[in-house]
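Just below is one structure, and these are the notes that go with it.
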Amino acid sequence: MASTGLLLARGCCRTANNITGHGQRRLSVSSAVLARTHVSYEVKDNVAVVRINDPNSKVNTLSRQMQAEMTDVMREIWGNSGVKSAVLISSKPGCFIAGADISMIQACKTPEEVTSLSQEGQKMFEQIEKSPIPIVAAINGSCLGGGLEFAIACQYRVATKSKKTILGTPEVMLGLLPGAGGTQRLPKMVGLPAAFDMMLTGRNIRADKAKKMGLVHQLVDPLGPGLKSPEERTIEYLEEVAVEFAKGLAGKKITVEKKKGLMQKMQDFVMGLPPVRKQIYKTVHNKVMKQSKGLYPAPLKIIECIQTGIESGQTAGYQTESQNFGKLAMTSESRALIGLYHGQVACKKNHFGKPEREVKKLAVLGAGLMGAGIAQISIEKGVATILKDTTGEGLARGQQQVYKGLHDKTKKKSLTTFERDSILSTLSGQLDYRGFDTADMVIEAVFEDLSIKHKVVKEIEAVIPPHCIFATNTSALPIKDIAAASKRPEKLIGMHYFSPVDKMQLLEIITTDKTSRDTTASAVSVGLKQGKVIIVVGDGPGFYTTRCLAPMLAEAVRVLQEGVGPKKLDVLTTGFGFPVGAAALADEVGIDVAAHVAEDLGKAFGTRFGGGNVEVLKTMVQKGYKGRKSGKGCYVYGAKDKKVNSGAEEILKSFKLTAPPAVSSDEDVQYRLVSRFVNEAILCLQEGILPDPVQGDIGAVFGLGFPPCLGGPFRFVDSFGADKLVQKMKRFEEVYGNQFTPCQLLVDHAKDSSKRFHK
Amino acid sequence: MASMLMNSLRNGPVTSVQAARFAVRSLSSTAHLKAQGSVSAKSKKTLDKPGVRNIVLVDGVRTPFLLSGTTYSDLMPHDLARAALQGLLNKTSIPKDAVDYIVYGTVIQEVKTSNVAREAALGAGFSDRIPAHTVTMACISSNQAMTTAVGLIASGQCESVVAGGVEFMSDVPIRHSRKMRKTMLSLNKAKSIGARLSLLGSIRLAHLAPELPAVAEFSTAETMGHSADRLAAAFGVTRVEQDEFALRSHTFAKKAQDAGLLNDVISFKVPGKDIVSKDNGIRISSMEQMGKLKAAFIKPHGTVTAANSSFLTDGASAVLIMSEEKALAMGYKPKAYLRDFVYVSQDPKDQLLLGPTYATPKVLERSGLTINDIDVFEFHEAFAGQIMANLKAMDSDYFAQTYMGRKSKVGAPPMDKFNSWGGSLSLGHPFGATGCRLVTTVAHRLQKEGGQYGLLAACAAGGQGHAMVIEAYPQ
């Protein structure tokens, strides 16, 4: 009611305005400003400066409210003959507009509703594009999705050259497409190849790159300390500069058209040839099919929109865009990806409160692949770190890994060499326990052997201060078994990192019943600082992630024994949506690790974890086929390509099993692998290892590469149907036994279709 | 202190010439202090400290500062330094073996004369028994040379030191690329013809691209002009403010030159060319003309232009610094006491050129003075925008509290006392030589204007800065 009232009031003022003219104008503006909360403007020297600021959020999104106020404001500006140009700027330091309001899209029930949302956006930006006065978008901070579509509808763009300023169209990562004219405007602005790249990858583009691509016209340098805070003054400066450009555009002193270089002209000419364009569409389509296996509808729809716009004209293009947008928003893939996005946001928060002491000094034991990786991501985020190893050789290798990790960033220009050097200066490589007496946390990443871990716990506890937390990085050993050697189990916690540590986003934190809440808070806080997405799970053999992976790998070994080759196995798994095939994954994890885990968990869980013969893995390890790290596993890793390891094939032959025809079709093989994974995940929730389905989905997708288009094991069960899955499992159970017995929680969901893991 | 000396005059037997001179000085100093007292009340009558040696500036000279690429263009850096040293010898008539040590400052080094102090001293006719070394600290290199001299004298190691600075931008070392250098160095080691040929064969066209020195920070890769433009923007310094300040600098410099106030400049007969006796960078333009210039670093919307920046300059300077006793014993009438000094450093990215802001309150605190006690200010003018930003920063409580950890601002210098004989923007700025010019100018202005305390401050690449308090020698 209230909002309707306000709208009416505003409407009245405007009418009054138009009749009485200028004198009344100011009054009406101020009353309208009072009513508006998200968008405001002032006229400076014939330039209307429009400021956006969502008072209820850290970021600006194109919500209904924002759009309504913006339309309103623009109408006023266009109606004011005194305004010759406009500047669009955000009052938030780190964000221009971060995109459309996702909840607005999620609230829609039909594709038509979403299509009309898209059409509204298209209309609004078309008006901006056809504005009678030039509009300059002044961009500082994230300018993504709808925000970018808004900016590219403006006549001119100025961006701060700050690390926080990123431009991009991330819709594809949510299973959507840029639905407010983006698929139509971007190709014209940056050219067909660059537009495809932006929209199909969703990658963030830094300001300097955006300038080179022609996405923004001018860059403004961020400012340092002055008479105000740097953030505040930088926005002010951006506004000043943008206002000057706006005046220049209004006075025709600056032209928007950029002189095209020879290369650009040639490219334009080539792109003007229909057969060339056709070839491009085809190539891009094939590439998308190859990478997505056709499991993701959004990239294909994006290609369709771009193609329609270019080949059949703008009207058809806009229509295709809004209709496809509506269709995509209703797909299970989009729901899955949006679910993951929300899950990721939730797993980037510390739900355990602020730790009593901030971890300022970290010590990492073991300079292997994991240890060095942990050290790297810690020093990068300003945590002084000791990297300790037992041998000079091992230490040197670890330090080199850290150096290389940082040095590669200087090559990509995300770090300067100076920053690299000063970051490295906070790493202390050493062979002794010097400085451990002032460490706030120790993370051990030594060899996965209980007796070694026990030795380490005792050694470390003798040198660290009482408040220091001891975290153990293990992928399968139960934390309470390790804690058995500890004098202070409340300070002991598991932190399971994934390899390669600097690339994999997930951190699985494992608490025992003795771990104190503050210890958990501290571990989560360190993980968040390291930039990780975090799940916190209960203790048990294999915790959550390893425990889900183990039965799937056991099944994979059986499949191999049954005569499906590693290549075929990988085709089947990637065809289901796994980014890495099961055989390749085993090589990445390490065949020795897989053997170890299979044996340990087999002992803990019995025949349910059976399937393939562990001896297959053991024999491979004996022959030195330890996976990628040794150059040979299921595959032989050459300089460029990988070939199937004939030695491994021979081992598989010697362990050959007959494939039961009833459950050996390609689809059956896929579901045998996936259902064991999913069942185990649900069992983890049932047993309380997992606190909730959200963390289960995040852990499976970010740690193990569960198909993102399915959104994780729990969302998969919701959308696939628990009953259908149980039916399949029963069929497999008849052949293989209890490995396929669905757990109670899954059966419950199968019986009652109203039961869902995600609301 | 004056009364103490009076006592010694009354009580002690006056036997030596030295003592007599001392006594005379003390008398005159009393008179001077009285005169000062009537001008303005100072927080301190003098900066004499018990137990600390008085160190004096005997005199200072410099070659004319010329735009690089003009009359000096065929020289080498040590030639310029030599000219300054010879000028100092002439002006002070100091016996060539009466100097204990020579220190020179320079920034861009000619690799053949990397210890330019030694090469210049040998050619200037100083005794080859006088050790000499070269220091570098960007635009405050000759300040570092002078304070090194102060340190040598204060610790009793030396009595008389020549300090100076030189910069020669007409010729700078341009190197082969790293890959090319590596190949060339390997060629020296290659034994067989085959090995040499294969090395030569590895040279690619791209390896031939030379490496030019840049006035850019190594740590941030940002050029100084770019940083100055950002600094000006951070403090809201407008283009007009900058152009006005640049115009002021040139106008004052011209006046000072015409009035013959710049008498630290020596005449220099450049081999093969004419005698040079004047700085050649002073150009009084108009605000309109300056306003037409395009931004030089941040394009197109920046505010720093060629007209409101200091230009590339060739030049050298030299000063003679002694302990007071030694100077008096040798019959000199010193020009000024070199008192407290500080070096500061801060963030080389966003606060690159804020050295004066950080150094000024610190050195005043050391001296026990306030900004109101200072009669003469000489700040190095790297860019008009940099000077204006520093003035605004010094006048801001927010900046003092937020970034300097001080309770309140130090205050901006009154403009009628500030760089009133021109500055680096107009006179020129040979990086390594500017510091001595500042010290000599402060001493001369104190003498001319009858002031007691002078303050000089300068910024330098690397985010460093320097300030020094100078006290007029009683006339």
Side-chain angles (χ1 to χ4, degrees), chain A residues 87 136 138 140 156-163 207-208 211 216-249 253-256 258-259 410-411 413-425, chain B residues 178 216-223 225-239 241 294-295 297-304 346-354 357-358 385-386 388-405 409 412 462-463:
Chain A
V87 167
V136 177
N140 179 49
Y156 207 76
R157 283 160 295 286
V158 185
T160 54
K161 201 172 155 187
S162 139
K163 272 188 183 171
D208 45 354
K211 169 98 194 307
V216 300
H217 297 86
Q218 298 292 347
L219 295 180
V220 169
D221 289 277
L223 302 179
L227 300 178
K228 291 176 182 168
S229 79
E231 295 76 25
E232 198 184 338
R233 177 63 194 142
T234 298
I235 294 192
E236 227 178 64
Y237 178 53
L238 172 67
E239 183 182 310
E240 288 165 15
V241 173
V243 163
E244 283 312 305
F245 281 118
K247 283 184 193 167
L249 287 163
K253 281 177 197 148
I254 309 169
T255 47
V256 178
K258 214 177 62 180
K259 271 186 199 143
T410 68
K411 282 190 199 155
K413 302 212 168 151
S414 60
L415 275 186
T416 67
T417 54
F418 178 70
E419 286 165 333
R420 176 199 67 201
D421 296 347
S422 60
I423 290 171
L424 270 174
S425 73
Chain B
R178 180 79 189 245
E217 286 298 300
F218 181 74
S219 62
T220 63
E222 186 181 26
T223 62
H226 196 280
S227 190
D229 206 320
R230 287 197 304 114
L231 185 72
F235 283 92
V237 180
T238 65
R239 169 76 181 268
E241 278 178 288
K294 285 189 175 158
F297 300 98
I298 295 187
K299 296 164 188 171
H301 53 273
T303 52
V304 173
Q346 59 284 337
D347 168 26
K349 172 85 183 159
D350 290 330
Q351 305 195 30
L352 180 68
L353 304 172
L354 284 179
T357 299
Y358 282 85
Q386 165 259 332
M388 299 308 292
N390 272 286
L391 295 182
K392 291 191 185 211
M394 289 166 75
D395 205 22
S396 159
D397 280 326
Y398 168 82
F399 191 85
Q401 288 157 1
T402 316
Y403 295 103
M404 296 168 67
K409 65 187 183 184

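Chain identifiers are assigned alphabetically (A, B, ...) following the order of the sequence lines, protein sequences preceding nucleic acid strands; residue numbering begins at 1 within each chain.
- Of all the listed residues (A:Ser422, A:Gly224, A:Pro230), the one sharing the greatest number of non-hydrogen pairs under 4.5 Å with chain B is A:Gly224.
- The main-chain N or O of A:Gly226 is never found under 3.5 Å from a side-chain atom of B:Tyr398 such that the two would form a donor-acceptor pair.
- Contacts between A:Thr417 and chain B at a heavy-atom distance below 4.5 Å are absent for every atom of the residue.
- Neither the backbone nor the side chain of B:Lys349 comes within contact range of chain A, judged by heavy atoms closer than 4.5 Å.
- When heavy atoms are compared at a cutoff of 4.5 Å, A:Leu219 approaches chain B solely by way of its backbone atoms N, CA, C and O.
- In this structure, the side chains of A:Phe245 and B:His301 come closer than 4.5 Å at one or more pairs of heavy atoms.
- Heavy atoms of A:Glu240 lying under 4.5 Å from chain B are absent altogether.
- For the pair B:Ser219 and A:Glu419, the minimum side-chain heavy-atom distance is 4.5 Å or more.
- A 4.5 Å side-chain heavy-atom check between A:Thr416 and B:Thr220 finds every atom pair outside the cut-off.
- Distance alone, capped at 3.5 Å, is enough to place a donor-acceptor pair between the B:Arg230 side chain and the A:Pro222 backbone.
- With values rounded to the nearest 0.5 angstrom, A:Leu223 atom CG is found 8.0 Å from B:Asp350 atom CG.
- Put simply, CG on B:Asp397 and CG on A:Leu227 are 11.0 Å apart, with the number rounded to the nearest 0.5 Å.
- Closest non-hydrogen pair, A:Pro225 versus B:Ala234, comes out as O-CB, 3.7 Å.
- Of all heavy-atom pairs spanning A:Gln218 and B:Lys299, the tightest one is OE1-O, 4.1 Å.
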